[in-house]
Amino acid sequence: MQKPVVTRFAPSPTGMLHIGGVRTALFCWLYARRHNGTFILRVEDTDLTRSTDDNIRIIEEGMDWVGLDWDEGPVPGDPNAFRGPHGPYRQMLRMDLYRAKIAELLDKGLAYRCECSREDLDARRKQADAEGRPFMYDGRCRDKHLDPSTPCAIRLRMPDEGEIVLEDLVKGRIAVPASSLDDWIIARQDGTPTYNFCVVVDDVDMGVTHVVRGDDHVANTPKQIVLYRALGYDLPAFAHVPMILGKDKQKLSKRHGAASITEFRDEGYLPVAVRLCLAKLGWTPKVDGKAAESVEEELLTDRQLMETFDLGEIQKAAAVFDIDKLKWINQKFIQRLDWTEIAPHLRWQWRMRGLEAAWDATSDDWKALAIGCNKNRATLVEMANTLAFLFTGPEAPAEADVAKFMTPAVRPALREVAALTDYAHDALKADVEAILARHGLKLKDLAQALRLAFTGKLVSPPIFDTMALLGREAVCARLEKWI
RNA sequence: GGCCCGUUAGUCUAGCGGUUAGGACGUCGGCCUCUCACGCCGAAAACAUGGGUUCAAGUCCCGUACGGGUCACCA
């Protein structure tokens with residue numbers, strides 16, 4: 001009985017995929033998944049000067065990495081291939097549809113040609129400014145019935161009185177006086193349609209039932225509502241989600257650190273952590289009707305998000321993005337996830353360091369141990385940092401560290417460690433303890449000396465794990481110069 | 001400036017007329033410990049403001065302040 005839910009994420013391919021956009025997409029995706037609906041990815045590339053195919057790739061890769069799969073939209077890798085019944089999902093390829101709709105509005109007298117030139121308009125705007133009154137197009141061309149041969153932009157005829165009401169799922173009821181809206185341009189002089197026109201036509205054509213987008217679009221919506229009606233369409237539900245701010249409460253941008261989704265990948269965050277963090281920014285999941293009241297309840301699965309998500313519960317106010325919270329969530333996921341779920345993402349870190357071949361050459365058991373003994377790192381960058389010495393060899397140790405830990409007292413013990421052959425954790429532990437007892441040493445002293453020999457630094461995974469990862473051959477090789 | 005929106009600790013938030021205003025991150029203190037980290041225990045920390053309405057207001061209404069969005073032949 002109810003129409004199946006259709007949501008859409010409609011970025012313009014003009015640069016990186018912003019984390020704010022990803023959150024909007026996440027909400028669209030969660031809502032569609034929650035209701036067994038359809039999630040569409042549509043490319044809004046009508047800004048010819050800034051849109052590129054490379055940027056479309058960036059969007060596809062970002063969406064793919066963060067795990068937001070779309071049911072209809074571009075086929076990744078081919079900017080002109082699409083899947084879904086409402087294609088093409090790229091606005092520049094949909095011009096015929098727009099032209100037909102514009103013609104229809106013109107025929108019905110709901111839109112009209114306007115011959116005012118851009119220069120003329122600019123001058124009038126300037127004058128209005130100078131006189132301190134707001135500039136609005138005065139509708140002077142409304143009834144001129146200009147001939148198609150004269151160069152004209154096309155404007156939508158807006159109501160003169162009354163108010164236009166937007167029932168927004170997150171903002172509530174917003175009413176604006178019709179008198180504050182002027183007849184806006186739906187097609188430029190060169191015939192190309194404008195953004196506000198295209199979204200409406202596309203959303204209707206694609207059957208979008210819930211328009212979820214950033215709240216910077218709120219002001220546009222009343223205009224669009226008039227267009228929906230002019231075209232004889234039913235209104236979709238609208239949900240305007242607040243934007244994400246940086247620490248200084250300004251719009252989140254590169255100045256604040258990571259703003260692009262690929263930076264989060266590069267900085268070692270897991271997609272599942274990014275998803276949870278973003279979802280909880282401005283929305284509080286209610287499991288069994290109540291918000292989280294413990295650490296355990298804070299850490300929800302995608303499944304739980306999908307089962308409880310509701311557009312109506314989204315916060316009205318903008319929220320500051322807290323990277324520390326993401327870090328914490330990321331750490332929790334690293335602790336809880338099986339190594340097989342972490343490995344592919346950790347591999348990206350090796351790839352960035354040119355060490356992927358070395359990583360690939362290791363066995364599954366080795367990988368499981370490497371990741372398993374590093375479960376308390378906050379990010380995969382940190383994990384790779386503490387593991388890198390396995391592939392690259394020890395760094396040159398600091399003089400002070402050598403003086404402090406490579407003492408005459410421990411050196412003989414080092415020699416005995418080098419002689420050990422059984423690297424199974426428990427055996428190694430027992431053997432080392434025997435060595436300690438024989439020399440009257442503390443594990444503390446020996447471990448730091450070994451770390452220094454193995455890594456050149458005083459930080460490594462637990463020492464027995466470190467030895468197991470290194471293997472006897474490498475252990476002996478790295479110990480050699482110290483004994 | 002016009003129109004619109006927002007305001008609970010440093011941050012994200014719970015709250016939907018009666019609570020010692022709850023949780024999480026972060027911060028600070030302590031414990032644990034083979035390094036880093038984890039973990040555990042504890043602490044400090046909030047209803048922007050002024051008027052109403054009401055027996056009772058973080059919760060409802062109005063104003064003020066502050067913040068934001070938008071006013072293009074950009075999206």
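These values consider heavy atoms only, across backbone and side chains, with no hydrogens, waters or symmetry-generated copies. Chain letters run A, B, ... following the sequence lines, proteins first and then strands; every chain starts at 1.
- Within the 4.0 Å cut-off from OP1 or OP2 of B:C38, not a single side-chain nitrogen or oxygen of A:Q335 is found.
- The pairing partner recorded for B:C3 is B:G69, the criterion being a Watson-Crick or G-U wobble arrangement whose two distances lie under 3.5 angstrom.
- Taking for each of A:V218 and A:L326 the nucleotide of RNA chain B with the nearest heavy atom, the 5'-most of the two is the partner of A:V218.
- The pairing partner recorded for B:G50 is B:C62, the criterion being a Watson-Crick or G-U wobble arrangement whose two distances lie under 3.5 angstrom.
- Within 4.0 Å of A:N196, counting heavy atoms only, lies at least one base atom of the nucleic acid.
- Nucleotide B:U19 is matched to nothing when pairs are restricted to Watson-Crick or G-U wobble geometry with both distances under 3.5 angstrom.
- Nucleotides B:C47 and B:G22 have their P atoms positioned 13 Å apart, rounded to a whole Å.
- Residue A:K444 has its side chain nearest to B:C34 when only B:A37, B:C34, B:C73 are considered.
- Aromatic ring pairs are classed by plane angle as parallel below 30°, tilted from 30° to 60° and perpendicular above 60°; the pair A:Y269 and A:F264 is tilted.
- Contact check, A:K223 against B:C4: no side-chain N or O comes under 4.0 Å of OP1 or OP2.
- Backbone-only engagement by A:T46 is indicated by non-hydrogen atom pairs under 4.0 Å involving sugar-phosphate atoms exclusively.
- If you take atom P in B:G51 and the same atom in B:G58, they sit 14 Å apart, rounded to whole Å.
- One C1' atom belongs to B:C32, the other to B:C12, and the distance between them is 30 Å to the nearest Å.
- Of the candidates B:C73, B:C5, B:G23, the closest approach to any side-chain atom of A:E298 belongs to B:G23.
- At the heavy-atom level, A:D129 lies nowhere under 4.0 Å from the strands shown.
- Using the Watson-Crick or G-U wobble rule with both distances under 3.5 Å, B:G26 pairs with nothing in any strand shown.
- Taking the P atom of each, B:G29 and B:A37 are spaced 14 Å apart, rounded to whole Å.
- Between B:C36, B:G68, B:C73, one nucleotide has an atom nearer to the side chain of A:V459 than all others, and that is B:C36.
- You'll find that the side chain of A:V176 is closest to B:C3, out of B:C34, B:C3, B:C5.
- No contact: A:E297 has no heavy atom under 4.0 Å from any strand.
- Between the side chains of A:T194 and A:N196, no donor-acceptor pair of N or O atoms lies under 3.5 Å.
- B:A24 and B:G17 have their C1' atoms separated by 27 Å, with the value rounded to a whole Å.
- The only option from A:R142, A:R157, A:R155 that meets the salt bridge (Lys or Arg N to Asp or Glu O under 4.0 Å) definition with A:D183 turns out to be A:R142.
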Distances for protein N/O vs nucleotides 11-16 of chain B N/O pairs under 3.5 angstrom?
| from | atom 1 | to | atom 2 | distance (Å) |
| --- | --- | --- | --- | --- |
| B:U11 | OP1 | A:K249 | NZ | 3.1 |
| B:C12 | OP1 | A:V320 | N | 2.9 |
| B:C12 | O2' | A:K280 | O | 3.3 |
| B:U13 | OP1 | A:G282 | N | 2.9 |
| B:U13 | O3' | A:T284 | OG1 | 2.9 |
| B:U13 | O2' | A:T284 | OG1 | 3.2 |
| B:G15 | OP1 | A:K286 | NZ | 3.4 |

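- At the heavy-atom level, A:S294 lies under 4.0 Å from the strands shown only through sugar-phosphate atoms.
- Nucleotides B:G63 and B:A45 place their C1' atoms 30 Å apart, quoted to the nearest Å.
- Taking the six-membered ring for Trp and the full ring otherwise, the centers of A:F27 and A:H210 sit at least 6.0 Å from each other.
- With A:D182 contributing its side chain and A:Y137 its backbone, the two residues share a donor-acceptor pair below 3.5 Å.
- Residue A:A447 is in base contact, counting any heavy-atom pair closer than 4.0 Å across all strands shown.
- For A:W328, the listed nucleotide lying nearest its side chain is B:A24; candidates were B:G39, B:A24, B:U35.
- Sequence order on RNA chain B of the closest nucleotides to A:D47 and A:M136 puts A:M136 first from the 5' end.
- Across all strands shown, B:A9 forms no Watson-Crick or G-U wobble pair with both key distances under 3.5 Å.
- The pair A:R125-A:D122 counts as a salt bridge, with a side-chain nitrogen and a carboxylate oxygen less than 4.0 angstrom apart.
- In this structure, the ring of A:F9 has its center no less than 6.0 angstrom from the ring center of A:W70.
- Taking the C1' atoms as reference points, B:U49 lies 23 Å from B:C16, given to the whole Å.
- For the OP1/OP2 pair of B:G2 and a distance below 4.0 Å, the side-chain nitrogens and oxygens of A:R125 include no atom meeting the criterion.
- In this model, the phosphate group of B:A72 is not approached by any side-chain N or O of A:R118 to a distance below 4.0 Å at OP1 or OP2.
- For the residue pair A:T466 and A:S460, a side-chain donor N or O sits within less than 3.5 Å of a side-chain acceptor on the partner.
- Nearest to the side chain of A:T194, among B:C25, B:A75, B:C34, sits B:A75.
- Residue A:I174 is classed as a sugar-phosphate contact, given heavy-atom separations below 4.0 Å to backbone atoms only.
- A:C116 comes within contact range of at least one nucleobase, with a heavy-atom separation under 4.0 Å.
- A gap of 10 Å separates the P atoms of B:C60 and B:U7, to the nearest Å.
- For A:K316, counting side-chain heavy atoms from C-beta on, the closest listed nucleotide (B:G6, B:U70, B:C34) is B:G6.
- Checking B:G39 for Watson-Crick or G-U wobble geometry (two distances, each under 3.5 Å) identifies B:C31 as its partner.
- We find the CD1-CG distance between A:I102 and A:L97 to be 10.5 Å, quoted to the nearest 0.5 Å.
- Stacking of A:H217 onto the six-membered ring of B:A75 is present: less than 5.5 angstrom between centres, less than 30° between planes.
- Using a cutoff of 4.0 Å between basic side-chain nitrogens and carboxylate oxygens, A:D202 and A:R8 are not scored as salt-bridged.
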